[in-house]
Amino acid sequence: MTKEGNERDPSNFLILPFLLARMLHNQIWISLSRYQTAKGNHRIVDKTSATLYCNTVKAVVKQEVNISDDQILFNGTLFYVVNLTIKGASHLPLWRTDGVIITILLHIGAVEFLYYWLHRALHHHFLYSRYHSHHHSSIVTEPITSVIHPFAEHIAYFALFAIPLLTVVFTGTGSLASFFGYVTYIDFMNNLGHCNFEVIPKRLFSIFPPLKHLMYTP
């Protein structure tokens, strides 16, 4: 039996295409990062020996390739659970200005503040040795390194970044733009921060030094 047109939920239908789009987004960053690594002009982490550098990159790829999609699959499962169980997380409109503004403000305020202290805590020797050291075992990072974490960290990060999304759900201001746009933004910043090549020319920071405090860089 099929659902009537007014009962169909486009937000539920769009979760799978969105997950595939996230994988494509990540792959574009990975390909760009590897191209820059091979080209070598804007590489951040460098080695004096080309052979050593290539061997290091191969080790990183071997470590990360088999688990690189785990975070997206885990997120996708939770997206479906939330969509099906929480009132207000289904039948979302395409756009709501108030919800988009709430998402942006909560990220700038609560999420960035809590992320800073969560990351500080993960670098405490107790948590670092048991969890976060796995993330930093990649000496030469790739964009996908950003999501190589133990499962407990995935849960912590999901809970953190869910704050704006759950807020717009419970306030009835959610939209497809705020959900998919926010997650895409998080993916973009994660890939940018671990791509291992200079996206922003150094001369800009020389011209305007405070810029380093205003933006996220690799």
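We use all heavy atoms of the structure for the numbers below, so side chains are in, but hydrogens, waters and symmetry mates are not. What you see is a predicted model, and the numbers here were worked out from it, not measured in a lab.
Stacking of R130 on the aromatic ring of Y128 is not recorded, the 6.0 Å distance cut-off and the 45° axial limit not both being met.
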Checklist entry - Should L32 and F197 be marked as a side-chain contact (heavy atoms from CB on, under 4.5 Å) after you check the CA-CA gap, both sets of side-chain angles, and the distance that decides it? => result CA-CA 9 Å; L32 182 60; F197 66 89; 3.7 Å; yes
Next on the checklist: Show, in sequence, the C-alpha distance, side-chain angles and deciding distance for W95 and L176, and conclude whether the side-chain contact (heavy atoms from CB on, under 4.5 Å) test is met.
Outcome noted: CA-CA 6 Å; W95 177 271; L176 295 177; over 6 Å; no
Item to check | Derivation of the side-chain contact (heavy atoms from CB on, under 4.5 Å) call for Q71 and E153 | outcome: CA-CA 10 Å; Q71 180 249 9; E153 281 191 54; over 6 Å; no
Next on the checklist: Using side-chain contact (heavy atoms from CB on, under 4.5 Å), reason through H134 and I148 one step at a time and then give a plain yes or no.
Outcome noted: CA-CA 8 Å; H134 178 68; I148 304 302; 3.5 Å; yes
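In this structure, S178 contributes its side chain and G174 its backbone to no donor-acceptor pair below 3.5 Å. The backbone N or O of F13 lies less than 3.5 Å from no partner atom in the side chain of R8, so there is not a single donor-acceptor pair.
Counting heavy atoms from C-beta on, the side chains of I102 and P164 never come closer than 4.5 Å. Residues T217 and L211 are not in side-chain contact: their nearest non-hydrogen atoms beyond the backbone lie 4.5 Å or more apart. A heavy-atom distance below 4.5 Å is not found between the side chains of Q27 and R22. Between Y80 and L16 the shortest side-chain heavy-atom distance falls below 4.5 Å. Contact annotation: the side chain of L19 never approaches that of L73 to less than 4.5 Å [non-hydrogen atoms, C-beta and beyond]. Side-chain contact between N190 and T145: absent, with no pair of heavy atoms (C-beta onward) separated by less than 4.5 Å. Considering only heavy atoms from C-beta on, H124 stays 4.5 Å or farther from H132 through its side chain.
Taking every heavy atom of both residues into account, S146 and H194 meet most closely at CB-ND1, 3.2 Å. Taking all atoms of both residues into account, the shortest heavy-atom contact from F179 to L165 is CZ-O, 3.7 Å. I15 and S11 get closest at one heavy-atom pair: CG1-O, 3.3 Å. Residue S129 comes nearest to S133 through the heavy atom pair O-OG, 3.6 Å, listed as atom of the first residue, atom of the second, then distance. When all heavy atoms of V169 and G88 are compared, the closest pair comes out as CG1-C, 3.8 Å. Residues V199 and L192 come closest through the heavy atom pair CG2-CD1, 3.4 Å.
Here the CG-CG distance, from L84 to D9, works out to 8.0 Å after rounding to the nearest 0.5 Å. To the nearest 0.5 Å, atoms CG (L118) and CZ (F113) are separated by 12.0 Å. Atom CD1 of I186 is separated from atom OH of Y182 by 4.0 Å, given to the nearest 0.5 angstrom. Note: I30 CD1 to I144 CD1 = 4.5 Å, rounded to the nearest 0.5 Å. Going from atom CD of Q36 over to atom SG of C195 covers 8.5 Å, rounded to the nearest 0.5 Å. In this structure, CD1 on I72 lies 9.0 Å from CG on L20, to the nearest 0.5 angstrom.
Screening T77, N75, V82, N83 for a side-chain contact (heavy atoms from CB on, under 4.5 Å) involving F79 leaves a single residue, N75.
Cluster membership for I163 and F158, using ILVMFWY side-chain heavy atoms within less than 4.5 angstrom, is shared. Following chains of ILVMFWY side-chain contacts shorter than 4.5 Å, one cannot reach Y185 starting from I28, and the two form parts of different hydrophobic clusters. Under the 4.5 Å side-chain heavy-atom criterion for grouping Ile, Leu, Val, Met, Phe, Trp and Tyr, V183 is connected to Y216 within one hydrophobic cluster. Note on V168: it does not cluster hydrophobically with V81, by side-chain heavy-atom contacts below 4.5 Å among ILVMFWY residues. Cluster annotation: I108 is not connected to V111 through the hydrophobic network of ILVMFWY side chains, with a link wherever side-chain heavy atoms come within less than 4.5 Å.
The aromatic rings of Y115 and H119 sit parallel to each other, their planes meeting at less than 30°, with 60° as the upper class boundary. By the 30° and 60° cut-offs, the orientation of the rings of H149 relative to H154 is perpendicular.
Side-chain N/O atoms of H107 and E112 include a donor and acceptor closer than 3.5 Å. In this structure, a donor-acceptor pair under 3.5 Å is absent between the side chains of N26 and D187. For the 3.5 Å distance criterion, the side chains of S31 and W29 fail to qualify, holding no donor opposite an acceptor.
Taking the ring centroids of H123 and H135, they lie at or beyond the 6.0 Å cut-off.
Heavy atoms of other residues, nucleotides or ligands lying less than 6.0 angstrom from CZ of F180 number more than 12.
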